[in-house]
Amino acid sequence: MAFNRIGIIGGTGLTRLEGPHITQSHDINTVLGTPSSAVQEGTWQGKPVLFMARHGHPHAVPPHKVNYRANLLALQETGAEAIIAVNAVGGIHADMGAGAIVIPDQLVDLTWGRESTFFDGAYKPLEHIDFTDPFDGTLRKALLAAAKDIALDVLDFGVVGVTQGPRLETTAEINHMERIGCDLVGMTSMPEAVLARELGIPYASICLVVNPAAGRSDAEITMEDIQRVLDGGMGQVRDLIAAVLPRL
Ligand code: HPA
């Protein structure tokens with residue numbers, strides 16, 4: 001693989017990059033609006049990277065209000081040739097407890113009302129793209145190999161169910177999601193993943209499980225508990241990104 005520049009989209013708990021040496025910050029306005037944050041350009045592990053904070057910095061934009069189209073256009077404009085997204089998620093699958101790191105391979109879109117295509121007949125003419133495998137296989141393999149390099153346990157399967165939020169789910173909703181095959185629940189993989197596909201940019205995700213999904217533990221889901229897992233887990237996510245960059 002030889003991607004010249006890697007886009008990294010940081011989610012909750014990863015609003016700025018500490019690893020790379022940042023050389024420039026690009027404030028970009030796109031024809032489809034303003035992105036959540038500036039694009040930070042730099043190098044990490046000798047690799048050119050472009051970092052975008054999905055929810056802004058400081059963290060402010062809720063999942064359903066993110067201008068995903070502007071974010072993706074800004075990354076394309078600054079030269080991203082592949083994208084690694086980081087997502088904090090809830091765990092549904094029994095093996096995906098708090099702290100687990102998952103490289104998902106599928107998704108189910110349960111969001112509504114979001115601007116979820118570039119091919120809307122206004123910005124670009126209608127086109128129906130293939131989305132059979134929403135996450136890029138080559139990037140996934142590189143992430144799994146990088147995890148092995150640093151002896152980090154990651155799970156190499158997972159269906160992310162993407163909900164509208166910002167509220168968390170009911171137990172019945174999670175039961176329903178489990179029945180339709182979801183292993184994880186998050187709020188931001190869609191439309192991000194499909195917009196990357198529409199632009200032809202390979203895209204994969206690192207999911208950090210920050211809480212058991214609703215009804216999957218006796219305890220109430222609190223932001224304090226989530227923060228604790230984020231504090232512990234994002235360091236590992238950073239290590240994984242640092243390990244994968246030389247492979248891309
Ligand atoms: N549900 C949806 N999104 C999430 C969750 C959750 O339980 N945890 C983190 N993001």
Side-chain angles (χ1 to χ4, degrees), residues 8-15 36-37 52-66 68 71 84-114 116 134-135 154-155 157-195 203-238 240-241:
I8 299 166
I9 303 179
T12 306
L14 189 69
T15 61
S36 302
S37 76
M52 157 83 62
R54 182 186 292 117
H55 300 285
H57 180 77
H59 189 289
V61 190
H64 63 295
K65 294 242 172 105
V66 170
Y68 295 93
N71 287 358
I84 305 284
V86 178
N87 303 85
V89 297
I92 300 174
H93 192 289
D95 294 346
M96 297 177 187
I101 295 176
V102 183
I103 311 301
D105 60 348
Q106 275 294 335
L107 60 79
V108 175
D109 185 8
L110 301 170
T111 66
W112 48 269
R114 302 183 183 189
S116 56
F135 300 107
V154 299
L155 289 148
F157 69 96
V159 180
V160 193
V162 192
T163 58
Q164 180 70 357
R167 68 168 177 84
L168 301 178
E169 299 70 37
T170 66
T171 300
E173 286 168 338
I174 293 296
N175 290 344
H176 170 70
M177 290 177 73
E178 185 168 44
R179 280 195 295 273
I180 63 171
C182 299
D183 302 308
L184 300 165
V185 54
M187 299 176 191
T188 51
S189 300
M190 283 297 283
E192 202 172 86
V194 74
L195 292 170
Y203 175 99
S205 159
I206 303 172
C207 286
L208 172 65
V209 179
V210 293
N211 59 278
R216 293 301 178 272
S217 111
D218 293 335
E220 191 186 330
I221 302 170
T222 68
M223 286 317 290
E224 291 72 36
D225 288 342
I226 288 179
Q227 193 57 51
R228 208 167 307 122
V229 183
L230 280 171
D231 291 343
M234 273 306 159
Q236 292 179 314
V237 170
R238 275 204 182 85
L240 180 55
I241 297 172

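These numbers come from a predicted model, not from an experiment. Atoms within each ligand, like the ligands themselves, are counted from 1 in listed order.
The contact set between ligand 1 and E169, taken as ligand atoms under 4.0 Å from a residue heavy atom, comprises 1 (N), 2 (C), 6 (C), 7 (O). Each of the atoms 2 (C), 3 (N) of ligand 1 lies under 4.0 Å from some heavy atom of M187. Annotation for ligand 1: atoms under 4.0 Å from non-hydrogen atoms of L168 are 1 (N), 5 (C), 6 (C), 7 (O). The distance from ligand 1 to the heavy atoms of V210 drops below 4.0 Å at these ligand atoms: 8 (N), 9 (C).
Residues V160 and N87 are not in side-chain contact: their nearest non-hydrogen atoms beyond the backbone lie 4.5 Å or more apart. Between P134 and Q106 the shortest side-chain heavy-atom distance falls below 4.5 Å. Looking at heavy atoms from C-beta onward, M177 lies out of side-chain contact with V108 at the 4.5 angstrom threshold. With a 4.5 Å cut-off on side-chain heavy atoms, H93 and V102 do not count as touching. In this structure, the side chains of N71 and I9 stay at 4.5 Å or more apart for every pair of heavy atoms.
The existence of a salt bridge linking D225 and R228 is confirmed by a sub-4.0 Å separation between a basic side-chain nitrogen and an acidic carboxylate oxygen.
Looking at I221 next to ligand 1, no N or O pair under 3.5 Å apart turns up.
The single protein non-hydrogen atom nearest to atom 5 (C) of ligand 1 is G90 N, 3.4 Å, given as residue, atom name and distance. Shortest contact from atom 10 (N) of ligand 1 to any protein heavy atom: A88 O, 3.3 Å.
Nearest-heavy-atom check against atom 3 (N) of ligand 1 across I92, V185, N211 picks out V185.
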